[in-house]
2 protein chains.
Amino acid sequence: MQRPRTTIGDVARTAGVSVATVSKVINGRYGVAAATSQRVQRVIDDLGYESSLVARSLRSLRTNVIGILVAEFEPYSTELLKGVSSAVQGTGYELLAYSGGGRAGGHAGWERRYLSRLSGTLIDGAILVTPTVVDAEYGIPVVAIDPHTGPSGFPTVDADNFSGALSATEHLIALGHTRIGHLAGRADLESSRLREAGYRTALERAGLDVDPELIRVGGYRSDDAEQPARELLTLSRRPSAIFAANDLSAIRTMEVAGELGLSVPGDVSVVGFDNVPESALAQPPLTTVNQPMQAMGRAALGLLIDLLDGKERDAHVQLPTELVVRGSTRRLRL
Amino acid sequence: MQRPRTTIGDVARTAGVSVATVSKVINGRYGVAAATSQRVQRVIDDLGYESSLVARSLRSLRTNVIGILVAEFEPYSTELLKGVSSAVQGTGYELLAYSGGGRAGGHAGWERRYLSRLSGTLIDGAILVTPTVVDAEYGIPVVAIDPHTGPSGFPTVDADNFSGALSATEHLIALGHTRIGHLAGRADLESSRLREAGYRTALERAGLDVDPELIRVGGYRSDDAEQPARELLTLSRRPSAIFAANDLSAIRTMEVAGELGLSVPGDVSVVGFDNVPESALAQPPLTTVNQPMQAMGRAALGLLIDLLDGKERDAHVQLPTELVVRGSTRRLRL
DNA sequence: CTGTTAGCGCTTTCAA
DNA sequence: TTGAAAGCGCTAACAG
């Protein structure tokens with residue numbers, strides 16, 4: 001099976017020239033006779049030769065490949081990916097999305113590891129999705145989307161998490177809910193903190209108490225949300241509404257409610273955050289806060305390309321969020 | 001900015017040993033004194049060293065990285081990606097999704113180019129999404145999802161396109177439609193041909209004529225679908241229903257209908273294919289044929305890993321499709 | 001205009 | 001148990 005791939009050496013031998021000459025032809029360098037160039041080109045076509053990204057990148061400084069590093073391919077990161085992909089068209093760059101399997105994403109600092117692995121340089125620059133540690137120096141230009149620490153002195157794209165959480169909670173309050181639970185995100189993420197802050201602020205503005213018992217950590221991942229969702233829904237004084245820190249945990253919350261024989265939105269209203277496509281598919285369709293993920297991906301790519309071109313750009317881009325009311329919330333019946 | 005990354009040489013120098021020794025420690029080879037090993041390990045941790053995938057792959061045959069090659073990150077390929085990503089957890093493999101920017105996906109044979117670039121070996125095996133040319137020998141184990149030519153003597157995963165198209169068209173016929181247009185996919189794709197065959201068969205079984213004027217090529221991409229959709233909808237004897245070969249072109253068809261002042265499903269019913277999450281978000285929600293994309297991704301990964309482990313597996317996996325009725329189709333009013 | 005040479009960071013014999 | 005040296009495929013000086 002493992003027929004070794006054709007190398008530049010094979011091409012050189014077949015064409016009767018040196019590898020250096022072939023390299024020049026491939027890269028369009030000056031100093032090759034037209035006739036030679038054509039002959040080499042023919043051999044390249046005949047053999048179906050394509051230069052190895054690996055070998056090339058070991059030697060040269062540019063590969064025209066942009067990396068996008070994610071902990072896992074889930075709805076959020078894939079939406080970003082769609083945005084980046086649409087924006088990369090015509091820029092001359094190719095895209096390489098990298099994700100460790102398994103729990104790598106769980107370890108803080110996964111982005112450092114991945115970057116180290118790919119650097120050197122398989123990629124010219126990288127987009128980090130939800131990195132936990134935003135270290136100072138990475139060796140290559142880097143843009144972060146929704147980083148752990150929030151904007152911290154280097155290029156960042158995020159959404160207005162605070163306002164989004166505020167309007168989500170205000171929506172529930174406007175519907176007459178007063179006992180509103182919150183399924184928080186990962187404690188180490190700035191976005192998570194901002195969403196909780198929006199929740200608290202909305203309650204306070206409405207003159208409602210913030211009951212610590214109603215706040216649980218769901219951790220953004222569906223699996224991790226199950227247990228805390230169950231706790232909230234089996235409280236003796238059960239909340240009549242829950243604001244989950246992202247759609248995945250909101251959807252899981254609705255599933256748990258179903259298992260407990262509770263109807264959404266009949267017995268409990270649920271609001272999510274992100275507006276991933278899956279939220280509209282849920283039963284009932286999830287009321288959520290839209291985060292313009294594809295636009296964020298495009299913005300990140302724009303920042304990164306400017307960086308690669310040596311143009312310094314405004315270090316921080318924040319895009320607006322917006323409440324999307326669907327079927328998982330309803331007015332509280334007294 | 002470009003602080004060069006720490007290399008194995010840096011580690012060796014700091015630890016006062018040779019690079020060879022460091023390499024052995026990293027790879028857990030025998031023949032290193034425990035004390036030395038510990039000292040080297042400490043330096044590695046201190047320096048935050050991570051070996052370069054690039055350099056390593058140039059030398060050794062395994063990288064434990066699986067490639068997934070796509071023409072573009074759009075809803076279909078990202079759904080597959082989610083499936084592959086969930087299945088890769090715990091296998092010890094990492095994932096590298098690669099996509100050329102721009103029109104690379106348009107050129108037939110893009111998968112060959114990408115594979116050549118990544119081979120040699122950045123990746124141990126690859127999953128090819130909708131490859132156009134399924135060449136015999138690629139040098140590394142390869143599994144194709146929904147290939148151009150259909151199952152052709154090497155491992156393939158696809159969905160039951162014919163049955164899906166059949167039930168989509170039968171659904172329209174059952175609703176009383178008799179003039180049913182078809183917006184076909186890319187002419188070079190087997191899946192596209194099968195969907196058209198399902199459409200034709202359903203019409204024939206119902207004793208309806210297949211009017212060639214009602215069949216246009218939409219090409220699976222949203223942009224490419226606009227013109228043919230417009231043509232169908234402005235025909236003097238306009239069809240009362242359209243079966244589009246995938247969701248993206250179905251959604252575009254609905255948009256075009258809107259621009260033309262036609263209501264969906266009031267004036268024209270529309271059915272798609274794939275059931276990408278976006279289809280449920282469309283206005284109105286799209287009736288479509290579900291293709292279990294995440295399961296297909298998981299199946300492809302399973303096949304590939306078995307191949308990598310030297311286990312030969314059943315070369316062809318076909319998953320069932322299923323009609324999902326939503327709001328874009330309705331009974332024809334006479 | 002073309003070829004020789006020297007690495008890029010790493011793994012792997014093979015000697016010491 | 002360790003290290004020196006070769007070489008993976010390629011590019012970039014530099015010589016011829």
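Below, read A as the first sequence line, B as the second, and so on, with proteins coming before strands; counting in each chain starts at 1.
- As a whole-Å value, the separation of A:Arg56 CZ from C:dG9 C1' is 18 Å.
- To the nearest angstrom, P of C:dG3 lies 14 Å from CZ of A:Arg13.
- Dashed line: the shortest gap from a side-chain N or O of A:Arg29 to OP1 or OP2 of D:dA12 is under 4.0 Å.
- The side chain of B:Val19 lies closest to C:dT11, out of C:dT11, D:dG9, C:dG9.
- With 3.5 Å as the limit, one finds no donor-acceptor pair spanning the side chains of A:Asp146 and A:Thr130.
- If you run side-chain contact (heavy atoms from CB on, under 4.5 Å) between A:Val65 and each of A:Leu95, A:Asp124, A:Leu118, A:Leu53, only A:Leu53 comes through.
- Taking side-chain N and O atoms only, A:Ser60 has no distance below 4.0 Å to OP1 or OP2 of D:dA12.
- In this entry the distance linking CG of A:Asn27 with P of D:dT11 reads 5 Å, nearest Å.
- Nucleotide D:dT11 holds its P atom 13 Å from the CG atom of A:Asn64, rounded to whole Å.
- A:Arg39 has its CZ atom 14 Å from the P atom of C:dC1, to the nearest Å.
- When heavy atoms are screened at a 4.0 angstrom cut-off, B:Ser23 is found touching base atoms of the nucleic acid.
- Side chain of B:Ala33, nearest nucleotide from D:dT1, C:dT2, C:dC10: D:dT1.
- Residue A:Tyr49 is classed as a sugar-phosphate contact, given heavy-atom separations below 4.0 Å to backbone atoms only.
- Of the two residues near DNA chain D, B:Ala55 and B:Thr36, the one whose nearest nucleotide lies more 5' is B:Thr36.
- Applying the 4.0 Å criterion to OP1 and OP2 of D:dG3, one finds that B:Thr21 has a side-chain N or O inside that range.
- OP1 or OP2 of D:dG3 lies within a sub-4.0 Å distance of a side-chain N or O belonging to B:Ser18.
- Residue A:Ala20 is classed as a base contact, given a heavy-atom separation below 4.0 Å to a base.
- If you measure from atom CZ of B:Arg117 to atom P of D:dG9, you get 17 Å, rounded to the nearest angstrom.
- When the nucleotides C:dG3, D:dT2, C:dC8 are ranked by their closest atom to the side chain of A:Val17, C:dG3 comes out on top.
- Not counting sequence neighbours, B:Arg42 has no partner by the salt bridge (charged side-chain N to carboxylate O under 4.0 Å, His left out) test.
- Rounded to an integer number of Å, the gap from A:Leu58 CG to C:dC10 P is 9 Å.
- With hydrogens and angles left out, the side-chain atoms of A:Ser192 and A:Arg186 include no donor and acceptor closer than 3.5 Å.
- Side-chain atoms of B:Lys82 and B:Met293, non-hydrogen and from C-beta on, never get closer than 4.5 Å to each other.
- Whole-Å rounding puts the B:Lys24 NZ to D:dA5 C1' distance at 12 Å.
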